[in-house]
Amino acid sequence: MHIKSNGSSNIMGGLTIIVPVKAAVPNVTAVRLDPVTHNLVREGVPLMLNPYDRNALEFALRLRDRYGGKVITMSMAPPSGKDFLESTIGMGADEAYLITDRAFAGADTLATSYTIAKSIQKLFPNFDIIVFGEETTDSATAHMPAQVASWLGLPYVYYAIEAEVKLEDRVIRVTRYLEDEGVYETYEYRLPIILSVYKNSNPPRDISLVRKINAKVNGLVKTIDNNVLKLERECIGLRGSPTMVTKIEDAKPIERKRQLFKGDPKEAARWLLENLIKEGVIRL
Amino acid sequence: MSTAQTQQRICSEWNPVNKDEYRGIWVYVEYVNGVIKDGSLQLIGKARELAGKINTDVTAIMLGHNLGDVVKEPIYYGADRVIYIDHPALAKYVPHVYANAIVQLANKYKPEIILFAATKRGRELAPYVANSLRTGITADCTELDVDPKTRDLIQIRPTYGGNILAHIRTPNRRPQLASVRPNVFPTPPRDVNRHGEVIAETLDTIPNVNGEGLVEVRPVVKGEELPPVEKADIVVVAGRGVGGIDGVKLLTELAKLLGGTIGGTKKAVDAGWLSADRQIGQTGKTIRPTLYIGVGVSGAIQHVFGMKESKIIVAINSDPNAPIFQYADYGIIGDYREVVKELIELLRSRRGS
């Protein structure tokens, strides 16, 4: 296992927190897929900040507000991603980076996590914490935090709800909530570390329109392409993606009886109960 | 396309893979706080079916400390073999430590497929394992198949809101990883007369936790709670149309009378009427009860995704155009308060007599 004991510096100046965010497709039921690659056609689709990334950003901003330092957002997205990164500045992020290049197109989660991990290593080698949203609302894989942790050889915890940092010891205490078990767990690690934030925690603060417009007018979102990152072609985009969508089909629903009753509630209740008894799904 | 790709240069961070060296289907059997997860046992059943199609066997992987006889359980549910690591370093669950232990075993035995239940912990572990093996992974599959010719795992998952099913393969890399939502497959029967091989492995290196790791576990204190939605045979589900907490209380009464439990749509949970662990749908839980009763549920595709495998679906809604009626076996158009009150009264009177 390759755990880096070093990686951060300037810790007394506060925390350097990276929040990778994604442009989610707002209306997932009205998307278009490329008939050949079966990939989502993102060109011309209005993008918004993935809602759960706002909870992650809130988590990061609370840590910064408490311990000092800065919050940097970044996203691998088409050039139109600038707008939602400006929203992250509007919410309170200190800096924002758009990682964009045609060479990144067609990436599955392995290639995407590679691009994000290597970008962070290159651009922000002294980071303390990477904070992700729990998942995205459009593809909902929740792969990114663990995959980036694997590339960087770092400890990681999903579903974080709160954290405390001892700056002098470089130690973080993270509490997370496992919804399916109804259990809270607290972990303690030396920094740096990777987290994802439980989607029903850390309700996000509002986006300040003034700050957002300021970010737009002054071009605060920095754009980085692969001329800067120099990532190996075989590791990114379609070529760096081991998975292939080989077929898409409409989800076939189970045939249902679709019997309807409209009328007197007493009669309706009787009708339903008789049918459910007949089906053998309730017993009296 | 796949042969062309194998001849291409691959990423220098990837190991070359000879697919013929990889055989067997693995299921990671999640065992935490003394409990084996149902989702893992369900995967053993599915793995058996897939193994038959490509003439291979099913191995269960277990990790922990002082495991004792629990390592035999996967055999009773259909596994041919169990490989486990019993080590003090695995006494407490630490995500990267557990994930690296699975990576170590996979590097040694070279399985062609590794399946994880998409529990909260499974979703945390599986991508780290996949990435460390430099292979692909598909999250939250709702169906799996294998191609007998290529031995490709066909990973089927709903995508973009649930109205499209994508078939995903990992044609050139091994092993092939997928996580599967709990409760999309049935739990196989437990048969203590089944026999199989049990292999003890050890950790190659003492893991570097990089800190204390897990320091505290605290279960949520619950009052007189109804069963969780994924465990109940009958689930009454509140949608936005129930209007508020009072409506949810009325439905809870019905659920109790039926011996079932209460759940909600995302809208009902977001409104604060129900706790998040009762949310059904794409961003909540998948259920397959024998009886689903949706009350004031409009039938958004994201919700339907989490309940469409129910045996019988009932919808009660005042809007005759609500999409939920398309998915229902029995639908009642009307004011749910009146209908549910009548149902409660009818159930009480019939049981009383």
Side-chain angles (χ1 to χ4, degrees), chain A residues 1 3 28-29 31 108 110 113 138 141-143 146-147 149-150 155-159 171 178-180 182-190 200 232 234-235 240 242-251 253-254 256-262 265-266 268-270 272-273 275 279 281-282 284, chain B residues 9-13 95-96 100 119-120 123-124 127-128 131-132 135-136 138-139 158 160-161 163-171 173 207-208 210-220 258 276-277 290-291 301 308 312-313 327-334 338-339 342-343 346 350-351:
Chain A
M1 223 179 316
I3 302 275
V28 289
T29 53
V31 297
D108 72 2
L110 184 81
S113 66
D138 54 6
T141 68
H143 283 173
Q147 286 178 317
S150 163
Y156 69 106
V157 178
Y158 276 28
Y159 324 116
V171 164
L178 291 159
E179 203 178 82
D180 54 351
V183 165
Y184 292 99
E185 290 182 336
T186 302
Y187 288 83
E188 212 174 272
Y189 292 110
R190 278 189 292 279
N200 294 312
E232 206 181 312
E234 286 76 18
C235 307
T243 60
M244 280 169 70
V245 179
T246 53
K247 186 179 158 191
I248 47 172
E249 61 183 0
D250 289 332
I254 297 174
R256 295 289 174 184
K257 297 190 182 72
R258 288 163 72 168
Q259 294 185 21
L260 281 179
F261 189 100
K262 192 180 175 187
K266 208 181 222 65
R270 201 179 303 277
L272 180 62
L273 216 54
N275 277 306
E279 296 278 2
V281 292
I282 63 166
L284 285 180
Chain B
R9 269 190 60 200
I10 59 167
C11 174
S12 63
E13 305 248 9
H96 69 279
N100 276 308
T119 59
K120 293 295 167 185
R123 282 166 67 87
E124 178 177 54
Y128 189 103
N131 206 88
S132 300
T135 188
T138 301
Y160 304 123
N163 51 351
I164 300 167
L165 279 180
H167 291 228
I168 298 164
R169 298 185 188 217
T170 309
R173 305 291 295 171
N208 181 355
N210 205 36
E212 290 294 314
L214 180 62
V215 291
E216 193 187 323
V217 178
R218 194 161 41 97
V220 181
L258 291 168
D277 58 350
T290 48
L291 176 58
I301 191 83
K308 60 181 167 28
I312 296 291
I313 294 176
Y327 306 96
D329 294 292
Y330 301 101
I332 295 174
I333 301 162
E338 292 179 21
V339 176
E342 291 295 343
L343 269 173
L346 201 57
R350 293 222 182 164
R351 280 179 185 161

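Within every chain, numbering begins at 1; the chains are lettered A, B, ... in the order of the sequence lines, protein sequences first and strands thereafter.
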Open item on the list: Given heavy-atom pairs under 4.5 angstrom as the criterion, report whether the side chain, backbone, both or neither of R173(B) touches chain A.
Closed with: side chain
- [ ] Check whether V281(A) gets within reach of chain B through its side chain, its backbone, both or neither, counting any heavy atom under 4.5 Å.
- [x] both
TODO: For K120(B), look at atom NZ and say whether over 12 heavy atoms of other residues, nucleotides or ligands are found less than 6.0 Å away.
DONE: yes
TODO: Could you check whether the rings of Y158(A) and Y156(A) sit parallel, tilted or perpendicular, using 30° and 60° as the cut-offs?
DONE: perpendicular
Task: Interchain contact, I254(A) with chain B, by part (heavy-atom threshold 4.5 Å) - done: side chain
Open item on the list: Are the side chains of L272(A) and F261(A) in contact, using a 4.5 Å heavy-atom criterion?
Closed with: no
Task: Residue part contacting chain A, namely of T135(B), when any heavy atom lies under 4.5 Å - done: backbone
- [ ] Establish, yes or no, whether the cationic atom of R256(A) lies under 6.0 Å from the six-membered ring centre of Y327(B) and within 45° of the ring axis.
- [x] no
Task: Donor-acceptor contact present, side-chain T246(A) to main-chain H167(B), <3.5 Å - done: yes
Open item on the list: Heavy-atom pairs under 4.5 Å with chain A - which of L291(B), I332(B), I313(B) has more of them than the others?
Closed with: I332(B)
- [ ] Examine whether an atom of E232(A) lies under 4.5 Å from a heavy atom of chain B, and if so say whether it belongs to the side chain, the backbone or both; otherwise answer neither.
- [x] side chain
TODO: Compare all side-chain heavy atoms of V217(B) with those of V183(A) and state whether any distance is below 4.5 angstrom.
DONE: yes
Task: Heavy-atom pairs under 4.5 Å with chain A, option from I312(B), T290(B), T138(B) with the top count - done: I312(B)
Open item on the list: As an exercise: rank A269(A), A268(A), S150(A) by heavy-atom pairs under 4.5 Å with chain B and give me the winner.
Closed with: S150(A)
TODO: Please state whether the side chain, the backbone, both or neither of Y159(A) comes within less than 4.5 Å of a heavy atom of chain B.
DONE: side chain
Task: Under 3.5 Å donor-acceptor, D329(B) side chain and K257(A) backbone - done: yes
Open item on the list: So for D180(A), is it side chain, backbone, both, or neither that comes closer than 4.5 Å to the heavy atoms of chain B?
Closed with: both
Open item on the list: Less than 4.5 Å to any heavy atom of chain A: does that hold for the side chain of A328(B), its backbone, both, or neither?
Closed with: backbone
Open item on the list: Is it the case that atom CD in E212(B) sees more than 12 heavy atoms from other parts of the structure closer than 6.0 Å?
Closed with: no
Open item on the list: Does any backbone or side-chain atom of L258(B) lie under 4.5 Å from a heavy atom of chain A? Answer side chain, backbone, both or neither.
Closed with: side chain
